Amino acid sequence: MKISKNSVVSIQYTLTDEKKEVLDRSSAQDPLVYLHGTGSLIPGLEQALEGRVAGEKLQVTVNPEDGYGLRSDKMLQNVQRSEFPQGEELEVGMRYQVEGDEGPMVLTIVEIRDDEVIVDANHPLAGVTLHFDVEVGSVREATENELSHGHAHGPNDHHH
């Protein structure tokens, strides 16, 4: 069966950046399982997997526009120190998850001033060209339950 919209796909992957540093990977015991065509993966990887079959291996380069987007200076924000938990030691590089207009987002502290903290709301991989080594493990039709929920379920149609 070929990967197409509403198929449940299992992949193993290694994700590296331009410097060949490993950013993420799945394990043989815990492959990534997703419902194809629902936006579960970044667009560039999902497009490259379209039409593939179990057992295929491929290398995919995803430019930022088809990955996590380009970096934007508009995503830098000044936040009052008082907005952070009282007494907590803040450091550059710390990350906080907050609820944004479009759901949860991660803010990274990039600068600390006296009573102001500069945070970056860009995705940590925004602006990064991504390199995937992928092996398609399995492809099957989604169950009615998976289609109605909009995501893949585990064995016996249970949630992961």
Side-chain angles (χ1 to χ4, degrees), residues 1-77 79 92-110 118-160:
M1 176 178 177
K2 289 185 177 184
I3 297 175
S4 60
K5 184 166 176 56
N6 295 330
S7 54
V8 173
V9 182
S10 163
I11 61 171
Q12 290 195 40
Y13 69 92
T14 300
L15 169 61
T16 56
D17 61 14
E18 290 290 309
K19 300 174 200 156
K20 304 289 184 225
E21 289 184 37
V22 174
L23 303 175
D24 193 17
R25 68 168 25 120
S26 63
S27 69
Q29 299 78 24
D30 192 22
L32 174 65
V33 180
Y34 74 98
L35 181 60
H36 192 79
T38 60
S40 298
L41 298 182
I42 57 174
L45 182 57
E46 192 166 72
Q47 290 164 7
L49 289 167
E50 183 82 24
R52 303 293 182 150
V53 297
E56 273 193 71
K57 295 180 181 181
L58 59 151
Q59 294 185 323
V60 180
T61 297
V62 178
N63 293 320
E65 300 84 355
D66 293 323
Y68 293 98
L70 298 171
R71 292 194 55 75
S72 170
D73 288 342
K74 293 178 182 174
M75 300 297 277
L76 297 174
Q77 302 169 9
V79 179
V92 170
M94 289 177 87
R95 292 186 175 153
Y96 288 88
Q97 183 167 325
V98 298
E99 200 58 42
D101 294 339
E102 298 175 17
M105 59 191 293
V106 175
L107 302 178
T108 303
I109 295 176
V110 293
I118 313 304
V119 296
D120 185 350
N122 283 293
H123 187 282
L125 295 176
V128 178
T129 298
L130 306 170
H131 301 275
F132 289 90
D133 282 317
V134 182
E135 181 173 356
V136 179
S138 64
V139 183
R140 66 171 172 80
E141 289 184 29
T143 65
E144 288 299 323
N145 222 1
E146 290 170 318
L147 292 173
S148 67
H149 289 178
H151 59 258
H153 293 177
N156 302 319
D157 211 16
H158 289 267
H159 281 98
H160 287 287

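Nothing here was measured: the structure is a model prediction, and the numbers come from that model. Sequential numbering from 1 along the given sequence is applied to the chain's residues.
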* Structure fact -> Taken in chain and number order and not counting sequence neighbours, the residues that satisfy ring pair (Phe, Tyr, Trp, His ring centres under 6.0 Å) with Tyr13 are none
* Asked: When rounded to the nearest 0.5 angstrom, what distance separates OG in Ser7 from CZ in Arg140?
  -> 9.5 Å
* Would you say Lys5's side chain and Gly37's backbone share a donor-acceptor pair under 3.5 angstrom? -> yes
* Non-hydrogen atoms of Asp66 and Ile42 that approach each other most closely -> O-CB, 3.9 Å
* Side chain of Glu46, backbone of Pro43: donor and acceptor closer than 3.5 Å? -> no
* To do: State plainly whether the residues Arg71 and Asp120 are in salt-bridge range, i.e. N to O under 4.0 Å.
  => yes
* Any chance you could measure Leu23, atom CG, to His131, atom NE2, to the nearest 0.5 Å? => 9.5 Å
* To the nearest 0.5 angstrom, please state how far the CG atom of Leu76 sits from the OG1 atom of Thr108. => 10.5 Å
* **Partners passing side-chain contact (heavy atoms from CB on, under 4.5 Å) against Ser148 (at least two apart in sequence or in another chain)** => Asn145
* Greater than 12 external heavy atoms within 6.0 Å of Glu141's CD -> no
* List in chain and number order the residues that pass side chain to side chain donor-acceptor pair (under 3.5 Å) with Glu99, two or more places apart in sequence or in another chain; answer none if no residue qualifies. => none
* Is the backbone N or O of Gln47 less than 3.5 Å from a side-chain atom of Glu50, with the two atoms forming a donor-acceptor pair by type? -> no
* For the side chain of His123 and the backbone of Leu125, is there at least one donor-acceptor N/O pair under 3.5 Å apart? -> yes
* Note, His151 side chain near Thr38 side chain (heavy atom, < 4.5 Å) -> no
* To do: Any chance you could lay out the side-chain contact (heavy atoms from CB on, under 4.5 Å) test for Thr129 and Thr61, step after step, and finish with the verdict?
  => CA-CA 7 Å; Thr129 298; Thr61 297; 3.6 Å; yes
* Asked: Is there a side-chain contact between Thr16 and Glu21 (heavy atoms, below 4.5 Å)?
  -> no
* Answer yes or no: is there a side-chain heavy-atom contact under 4.5 Å between Arg95 and Gln97? => no
